Amino acid sequence: MLYREAGQFKASYKADQQIFPIRQDRIAIGLILAFFYLVVPFIADQYWLQAIIIPVLIFSLAAIGLNILTGYAGQLSLGSAAFMAVGAFGAYNFMLRVPGMPILAAFVLGGLCAAAVGILFGLPSLRIKGFYLAVATLAAQFFIVWALTKFGWFSNNSSSGVITAQKVEILGYTFASPRSKYLITLVVVTLLALAAKNMARSTVGRAWMAVRDMDVAAEVIGIRLMRTKLMAFAMSSFYCGVAGALYAYTYLGTVEPEGFNLDLSFRILFMIIIGGVGTVLGSFLGAAFIVLLPIGLDNLLPVLFGNVLPTGITSNLQLIVFGGLIIFFLIVEPHGLARLWQIGKEKLRLWPFPH
Amino acid sequence: MNFFFEVLIGGLLSGVMYALVALGFVLIYKASGVFNFAQGAMVFFAALTFVSIMELGVPFWPAFALALASMVVLAVVTERVVLRPLVNQPQITLFMATIGLGFLIEGLAQGMWGAAVHGLEIGIVDEPIAWTMDNWGIGVSTFDLFAAGVSAVLVTVLAVFFNKTRVGRALRAVADDHQAALAIGIPLQSIWRIVWAVAGFVALVAGVMWGARNGVQFALTFVALKALPVLIIGGFESVAGAIVGGLIIGASEKIGEVYVGPLVGGGIEGWFAYMVALLFLLVRPEGLFGEKHIDRV
Amino acid sequence: MKLTKTALIGLGIAGALGASPVLAADQYVGMPSYRVGPYAAGGSGIFGGMIDYFQMINARDGGVNGVKLTWEECETEYNNARGVECYERMKKNGPTGNTVFHPLSTGITYSVIDRATADRIPVISVGYGRTDASDGRVFPYIFPLITNYWSQNTVKIKFIGMKEGGMDKLKGKKIVNLYHDSAYGKETIPVLDVQAKMYGFTVTHLAVAHPGNEQQSQWLQIRQIKPDWVILRGWGVMNPTALKTAAKVGFPRNKVLGVWWSGAEEDVIPAGSAATGYIAAGFNVSGTNYPVMKDIQKYVVAKGKSNMEDKSRVGSAYYNRGVVHGILTVEAIRNAQEKFGKGKSITGEQMRWGIENLDLDDKKIKALGATGFLPPLHVSCSNHEGSGLVKFQRWDGKQWKVITDWIQSDQKIVRPMVEESAAKYAKEKGLKLRDCSKEG
């Protein structure tokens, strides 16, 4: 009853192809955005903002990036963290070396650096597929982290290869408080998420999906394979790069190349698998799940077992439960949390008269 | 020139150690199409179980048998809890499930046996043989030769197992075509159990060898990363490919580090193998011994 | 949130007494521990030692001037993002918030520098973390106490000089610096280069890719170079592998000199007999033959309350390092209480003062029962390192044997480099230096 699109007629192609074709969706998105822009900054305390919401947003962005590549274009990648590193170090160097560089421009340029590197490492995808490609993207992962550690120029010759993000300043206003950092992160993430949603329904997005479903067939119907695949790599890396820049500037403040290790790449991959491959919504749900799950376990398990088990065991139990839950989720809902939402929508459509 | 040969031989022998780990990946991929990322965790689990049982005062072979038994139990449980419910899912889902499985096994191993590191002496010294040193000026470690011997035996045993036994033939049938294998009455699930158990055995051997070399500790899980480029070069489906790939990766990695490394600042071993593998792939996209796939529209 | 046993007991006692008008004050320390993953051996040892020391202080002295120590653990898995979450989660806990943060990970240290400075919570990083934070003018809340990497490195060269029969004998010697290819590993390269020029030895830097479980090519190169000494700057599995591979190529282990993160039992036991004769630096020593360790044995371990699952690790290098962390924390709290009120819980800001004015001379260390266990320490506004002393230990196949007394580092080399690096940081961040002549 509440969620019924009957009666919403589309009189033009434009209306039919808009990002959110259903009115209720538009309202829901509007409400969610309003909640995050107008309510969250006032109700969330510093802990929630700095330790949970900001990282969830940033990881969502990285997950969207990976989703573009894996979910939409069907190319498995295990190097997302490295592209985040390129974005972070790129933005840092633009801020450092170009006087008066606006911070948002530095984020974009950092993302573009990542995109360029992404194209480079995307080239093998023209010939390699599946797990062979996945392992090949590991080359990007290890090589980039190595290069950032090895060549002092990237970190302005700091003896340990660590960079410290400059102040985030726009038009003389310094984003120092957690709330302001949250807002700037939110703005960037919202814009890019909408852009991703938009891209998915455009020519490029449909070409990606065609390539994902079967690249030979896509080529036959006239999609230029090379351009489409490289475009996916570039776009995906751009998103990861911007996420990396945010990671350095609005979240951690100081980052080292090893922070962007294979572990982080896997975490991002988990996010899209748990959240739902090929959906933007799933990227957010997955990121929230993967960030919150270990924290939740860390809070919960000691309460349950703290007096019975030694701390070493509870820590290991966390890992076991984390691994177990991932398997459980894959078994119960292989299409991810976003699929649950879809099922919910189907139900809502009929509710309250299911027959 | 002696130095070059020394590096080359050292590299080839290291490559054998990589191949030992890669074998486990190949077995599972061959029979069930699962890219088992938990293989590194299995190596760690097997070695830690083995060494912990030994430290309780159990002699070598009984401890080995007990550790093997634990790997078989692990295989059976994995098949029942992870593989069976996920049958017919896309490969990437299974891949992710094995990463989850990896976390689970790591937590299990450290939870059961503690976080302490262990030394493991199997009675083979890791020192250069005096004879080769004196005559050729090339140092070859006894332990490395032993490891090469173990791998050779292991590969032979596996080859015989695959080619000559009933179960082995069934395994190959499953690898060729699940549906057809099922149709002629091969029980898929018990085949998977066997394959995972055999992979557990390979993990145990690899774990003991690597453990004797660097100690039994969490870092054993990282040896999986050394095995991946080997897999690409050798192909995911080929036992022989794992060995040949291992040799190629081992040798090129060492030669790269010694001769190319100094030009760019060293420490290139982490990615050099992957780059070599990548170049190989550009020429042969399915690895040296991989099965060629023909895409049909 | 997890309440520790002591806190529960403390509450129980306070509840039982009832008559006392105020609850006993607590001093809360949040611990971002890591007990799983590749570095679990270090995490469980060091945090175990620190917790056991706190338990001992609570049991023996009833806390610090009657203020019970309480603590809480938060699992980080040695992961920066998790570490930041732990920091944020724990910073407001306890009556006065988190007193002090021991990240025990260089990455997490970097990640919390800005936050801790803004939140006024001091960060202590003993023997790791940001070397240039030794300049307290730029980093008021960061304390890389005792000895930083650069100081340690000058001591190593001094030690080599002693072994060779004088610093002038270093001329023409060859030293290889075998380092873990990471932020941590690279850190000492500039100092070594400066010293190489100064003393006329040649130094070759060889990187080992993470995790370092394969070093054949590096050691073959070392055999080609035929160095007089190899400095091992390893981490985790890289250490036993280095010693094993050294044996494999026939390089004498008594010419291998390790950093303190290469100098625990966990680093040599996996290498078996290949480790015998290997020498490592340390700002603390192994062993239980110290009054402070005997007290821990008596009040904690013997009563079955030890945090260690494996009791045989009590007295190991990591465990004792944890005890050193405990001593520094407790003494800084005591120091702060002297100024801001005995028997009261102190805040992070007061703790900062307590650490910055920490002065542990020989007499105080003797009173703590820790003579020879940790070096004397004198922290000041400009010097957040405080000591710069290092001892060397040799692994005899069974245990670490101390082979030198405390050796002083060469601050003439280190200090200008620290100041230069800190000044660069201050400039990038647009920070103003504190004027130390005006600080109390």
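Since this is a predicted model, take the numbers as computed values, not measurements. Order of the sequence lines fixes the chain letters, A, B, ..., with proteins taken first and strands second; residue numbering starts at 1 for each chain. What you see below is based on every heavy atom in this structure, not just the backbone, and it leaves out hydrogens, waters and symmetry mates.
- Both the backbone and the side chain of A:L319 have a heavy atom closer than 4.5 Å to some heavy atom of chain B.
- Contacts of A:I327 with chain B are made by side-chain atoms alone, with heavy-atom separations under 4.5 Å and no backbone atom involved.
- The distance from the CG atom of B:L225 to the CG atom of A:L262 is 6.0 Å, given to the nearest 0.5 Å.
- Side-chain atoms of A:K150 and B:V264, non-hydrogen and from C-beta on, never get closer than 4.5 Å to each other.
- Each of B:L101, B:L104, B:V82 has some count of heavy-atom pairs under 4.5 Å with chain A, and the biggest count is that of B:L104.
- In this structure, the separation between CG on A:L138 and CH2 on B:W271 is 14.5 Å, given to the nearest 0.5 Å.
- With a 4.5 Å cut-off on side-chain heavy atoms, B:L282 and A:P124 count as touching.
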- Message: Under the criterion side chain to side chain contact (heavy atoms under 4.5 Å, CB included), I'd like the reasoning laid out for A:I128 against B:L278: C-alpha separation, chi angles, the key distance, then a yes or no.
- Response: CA-CA 9 Å; A:I128 314 168; B:L278 202 57; 4.2 Å; yes
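- Annotation: side chain of A:I320 is not in contact with side chain of B:F103 (no heavy-atom distance under 4.5 Å).
- To the nearest 0.5 Å, atom OG1 of residue B:T93 and atom CZ of residue A:F329 are 14.5 Å apart.
- Proximity to chain B (any heavy atom under 4.5 Å) is shown, for A:I331, by both the backbone and the side chain.
- Proximity to chain B is absent for every atom of A:S315, based on heavy atoms less than 4.5 angstrom apart.
- The closest side-chain heavy-atom distance from B:M96 to A:L269 is below 4.5 Å.
- Heavy atoms of other residues, nucleotides or ligands lying less than 6.0 angstrom from CE of B:M112 number more than 12.
- Distance alone, capped at 3.5 Å, places no donor-acceptor pair between the A:W146 side chain and the B:G270 backbone.
- Taking CD1 from A:I273 and CD1 from B:I92, the interatomic distance works out to 3.5 Å, rounded to the nearest 0.5 Å.
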- Message: If you apply the rule side chain to side chain contact (heavy atoms under 4.5 Å, CB included), what do you find for A:F143 with B:Y274, and how did you get there?
- Response: CA-CA 9 Å; A:F143 179 78; B:Y274 284 91; over 6 Å; no
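- For A:F270, the parts lying under 4.5 angstrom from a heavy atom of chain B are both the backbone and the side chain.
- Listed options A:F266, A:F322, A:F328 were ranked by heavy-atom pairs under 4.5 angstrom with chain B; first place goes to A:F266.
- Of all the heavy atoms in B:R284 and A:R127, the pair that sits closest is N-NH2, 4.5 Å.
- The main-chain N or O of B:I233 is never found under 3.5 Å from a side-chain atom of A:Y132 such that the two would form a donor-acceptor pair.
- Using a 4.5 Å cut-off between heavy atoms, A:I144 does not touch chain B at all.
- For A:F142 and B:F272, the distance between ring centers is not under 6.0 angstrom.
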